[in-house]
Amino acid sequence: MLDIAPSQQAATWLGSLGRALEAGDVDAATNLFVEDCYWRDLLTFTWNIKTMEGQAAIREMLEATLATAKPSHWHFAGEASTDEGIIEAWFTFETIVARGEGILRLQDGRCRTLFTAMSELKGFEEQKGPARPLGIRHKADPDRETWAEARAREARDLGVKQQPYCLVIGGGQAGIMLGARLRQLGVPSLIIEKNARPGDSWRNRYRSLVLHDPVWYDHLPYIPFPENWPVFTPKDKMGDWLEMYTRVMELNYWVATKCVSASYDEAENVWTVVVDRVGQRITLKPKHIVFATGAYGPPRQIALPGAETFKGELLHSSQYSSGEKFRGKKVAVIGAASSGHDVSVDLWESGAEVTMVQRSPTTVVKSDTLMEVGFEIFSEKALARGISTDKADMIVASTPFALVPKGQRALYDVIRARDAAFYDRLRGAGFAIDFGEDETGLLMKAYRTGSGFYIDVGACELIINGEIGVRSGVGIKSLTPSGILFEDGTELAADAIISCTGYQSMNETVAGIVSREVADKVGPCWGLGSGVKGDPGPWQGELRNMWKPTAQEALWFHGGNLALSRFYSKYVALQIKARMEGIATPVYGAPGR
């Protein structure tokens, strides 16, 4: 078989899998995989986001799901490719209720990794392309309701005469993208946002903020950025795009609205949610609620002994908007990850004397280096090769999390060698650098702990040149009336201290709105159970609680950067749509804690 062309090998393997599954022969299907194998499934078999690791796990999953999934119509798509002995091929298939697509990778004739993802629900497809709505009836009608009148009626009635099936709490990028997906699937949804305008979650941040990720990585569903959009988007431009998007996508979006409380009736399967909309208390009765309140939860405040004695201004980065009022003043920034660097640069540009207090080493990667070697499939070059953003999303998602560290370790070997002189200069300025406990770099820190990294877009040169001071390798003993006292007895004078110390888990937002009991039942979000500091085991194989069923019925989490929000919003929306239409959704695998 190994002498057969890659495409024929892939088609032969896929045909064997299809026949085994349609025959209900779990043993035959399992034997098509190598011992050290992985099957990552997004909803099609498991109605979950779950990775099965090893033949035994795949066998258990198939024994539990095959009878209800009833997979069929496995078709090879396009030509297979081969790289270092691994054959990769794309395919489509169906279950009894959905259509799916996937990627297989073969090693010595058997499957090393399999990825299956739901594309659409049968009978509940998005009305797009040839199936797009007509939009108007070409006939005279004295009772005609125009588009504007229909939109006004919908906005007026939702939450009053008609209850939303889904309430999305948080109207930033994640909530907006999910709202768009739900709307295209015909799920009556309402997004509530505490700010005055869509996009304010970006506009209200410090003046110099620019996205660190490139434009090809950041598209929203349905409406990609235009071809002349800058590679790195300024925060206010991003805010304006999100505001435009909510209008064009016809989202039901309440501004100046805060969620006061929420409780779930297990008998009636409905939430009672009290919101404050511009000072008016309104009770909503959605079937599902989605927390889309940002990638993380409330600000993390670290204990600073002596804080009550400090005579200057003490802020968390979430409260910081501009360095203008700190012009000519001495400012200490506690924290040396992304926010710490961005705030330090903004303060420096505003004329402050800035010292960054680094409590632990930071993973730093130069932006241009990451663009060239880390975002290769999200680029103009990738588009020229036929790799669209949607295709790139699938390629990324098809790699099981257990295999990501190996690739990232190799990537950072390249980065360290490429930028060795840069790292030497940065260390020479007193800045502590690491690449994670297992040398896997920025991406794995983002997945595991969401902290401890920075994509360099200018701050490092200021540190190297001494324009931004650094205090590293010594702990803070206490604050004093005039600054910070370190454990080695030295002091740092400061008129203001900005704590860039990150945020708590998203389930802490649930604690404040639903209850402490529900927040603890659900458990924290993000992290893989890798065992590194801040990401305790056991191993999950997937990110905790994100985009999938949680331990609390009808409560979901959606968030992440623009790319994650774009990709996974589809799967959150499909799960909620299926439940609305009464489709059976037997979830395989208990929610991970």
(message) Distance check, rounded to the nearest 0.5 Å: Ile476 atom CD1 versus Leu304 atom CG?
(response) 6.0 Å

(message) Measuring only between side-chain heavy atoms, which start at C-beta, is Asp213 closer than 4.5 Å to Thr233?
(response) no

(message) Return the CG to NZ distance between Leu411 and Lys406, rounded to the nearest 0.5 Å.
(response) 14.5 Å

(request) Under the side-chain contact (heavy atoms from CB on, under 4.5 Å) rule, collect the residues that match up with Leu383, sequence neighbours excluded. (result) Trp216, Glu380

(request) Keeping the roles fixed (side chain from Thr362, backbone from Gly452), state whether a donor-acceptor pair exists under 3.5 Å. (result) no

(request) Begin with the C-alpha distance, continue with both residues' side-chain angles, and end with the deciding distance and a verdict on side chain to side chain contact (heavy atoms under 4.5 Å, CB included) for Arg359 and Ile302. (result) CA-CA 12 Å; Arg359 299 185 300 145; Ile302 62 169; 3.8 Å; yes

(message) Using a 3.5 Å distance criterion without hydrogens, assess whether the side chain of Gln319 forms a donor-acceptor pair with backbone atoms of Leu315.
(response) no

(message) As an exercise, state the distance from CD1 of Ile433 to CG of Asp424, rounded to the nearest 0.5 Å.
(response) 8.5 Å

(request) Kindly say whether Leu562 contributes a backbone atom to a donor-acceptor pair with the side chain of Asp218 at under 3.5 angstrom? (result) no

(request) Look at Arg471 together with Asp488 and state whether they make a salt bridge at an N to O cut-off of under 4.0 Å. (result) yes

(request) To the nearest 0.5 angstrom, please state how far the CD1 atom of Ile455 sits from the OG atom of Ser338. (result) 6.5 Å

(message) Tell me which pairs pass ring-ring contact (aromatic ring centres under 6.0 Å, His included) where either residue lies in residues 357-376, with sequence neighbours left out.
(response) Tyr217-Phe375

(message) For a side chain to side chain contact (heavy atoms under 4.5 Å, CB included) check, start with the C-alpha distance between Leu543 and Tyr447, then their side-chain angles and the critical distance, and finish with the verdict.
(response) CA-CA 7 Å; Leu543 296 167; Tyr447 285 146; 4.0 Å; yes

(request) Return yes if some donor-acceptor pair links the side-chain N/O of Ser565 with the main-chain N/O of Asn561 below 3.5 Å, else return no. (result) yes

(message) Going by ring pair (Phe, Tyr, Trp, His ring centres under 6.0 Å), name the residues that satisfy it together with Trp229, two or more places apart in sequence or in a different chain.
(response) Phe225, Trp241

(request) Kindly write out the residues that satisfy side-chain contact (heavy atoms from CB on, under 4.5 Å) with Asp438, not counting sequence neighbours, or none if the list is empty. (result) Arg409, Thr440, Arg448

(request) With sequence neighbours excluded, tell me which residues meet ring pair (Phe, Tyr, Trp, His ring centres under 6.0 Å) with Tyr253. (result) none

(message) Let me confirm one number: the CD-CG distance from Gln575 to Asn48, rounded to the nearest 0.5 Å.
(response) 7.5 Å

(request) For Ser208, check side-chain contact (heavy atoms from CB on, under 4.5 Å) against everything at least two apart and list the hits. (result) Tyr206, Asp346, Glu349

(request) Any chance you could measure Leu479, atom CG, to Ile334, atom CD1, to the nearest 0.5 Å? (result) 6.5 Å

(message) Quick one: does any side-chain atom of Asn507 pair with a main-chain N or O of Val510 as donor and acceptor, under 3.5 Å?
(response) no

(request) Not counting sequence neighbours, list each pair that qualifies as a salt bridge (Lys or Arg N to Asp or Glu O under 4.0 Å) and has a residue in residues 360-375. (result) Glu372-Arg418

(request) Check whether more than 12 heavy atoms from other residues, nucleotides or ligands sit under 6.0 Å from atom CZ of Arg247, and answer yes or no. (result) no

(message) Keeping Lys330 on the side-chain end and Glu353 on the backbone end, is there a donor-acceptor pair under 3.5 Å?
(response) no

(message) Test your reading of the model: is there a side-chain donor-acceptor pair from Asn195 to the backbone of Arg197, 3.5 Å cut-off?
(response) no

(request) Under the ring pair (Phe, Tyr, Trp, His ring centres under 6.0 Å) rule, collect the residues that match up with Phe431, sequence neighbours excluded. (result) His341

Mind listing the side-chain donor-acceptor pairs of residues 166-181 below 3.5 Å, one per line with the distance, residues two or more places apart or on another chain?
| unit_1 | atom_1 | unit_2 | atom_2 | d |
| --- | --- | --- | --- | --- |
| Gln173 | OE1 | Trp202 | NE1 | 3.0 |
| Gln173 | NE2 | Gly560 | O | 3.1 |
| Arg181 | NE | Ser569 | OG | 3.0 |
| Arg181 | NH2 | Arg566 | O | 2.7 |

(message) Looking at Lys235 and Asp200, is there a salt bridge between them, counting it only when a charged N and a carboxylate O are closer than 4.0 Å?
(response) no

(message) Please determine whether a side-chain nitrogen of the Lys or Arg among Arg183 and Glu250 lies less than 4.0 Å from a carboxylate oxygen of the Asp or Glu.
(response) yes

(request) Using side-chain contact (heavy atoms from CB on, under 4.5 Å) as the criterion, list what pairs up with Ser398, not counting sequence neighbours. (result) Ile103, Arg105, Phe115

(request) Could you note down all residue pairs passing ring-ring contact (aromatic ring centres under 6.0 Å, His included) where residues 456-514 supplies at least one of them, sequence neighbours left out? (result) His316-Tyr503

(message) Between the side chains of Glu487 and Lys477, is the shortest nitrogen-to-carboxylate-oxygen separation below 4.0 Å, so that they form an ion pair?
(response) no

(request) Could you tell me whether Lys237 and Asp240 make a salt bridge, using a distance below 4.0 angstrom between a side-chain N and a carboxylate O? (result) no

(request) For Tyr245, enumerate each residue passing the ring pair (Phe, Tyr, Trp, His ring centres under 6.0 Å) test, keeping only those at least two apart in sequence or located in another chain. (result) none

(request) Verify, without hydrogens or angle tests, whether Glu467 (side chain) and Val345 (backbone) share a donor-acceptor contact under 3.5 angstrom. (result) no

(message) For Arg416, is there an ion pair with Asp419 - N to carboxylate O distance below 4.0 angstrom?
(response) no

(message) Quick test of your reading of the model: are Lys329 and Glu313 salt-bridged, counting only N-O distances below 4.0 Å?
(response) no

(request) Using a strict cut-off of less than 4.0 Å between a Lys/Arg side-chain nitrogen and an Asp/Glu carboxylate oxygen, indicate whether Lys548 and Glu542 qualify as a salt bridge. (result) no

(message) Looking at Cys525, is its backbone amide N or carbonyl O close enough to the side chain of Ser505 to form a donor-acceptor pair, meaning the two atoms are under 3.5 Å apart?
(response) yes

(message) Check the orientation of Phe557 and Phe291. Use parallel for under 30°, tilted for 30 to 60°, and perpendicular for over 60°.
(response) tilted

(message) Has Arg544 got a side-chain atom pairing as donor or acceptor with Trp526's backbone, closer than 3.5 angstrom?
(response) yes

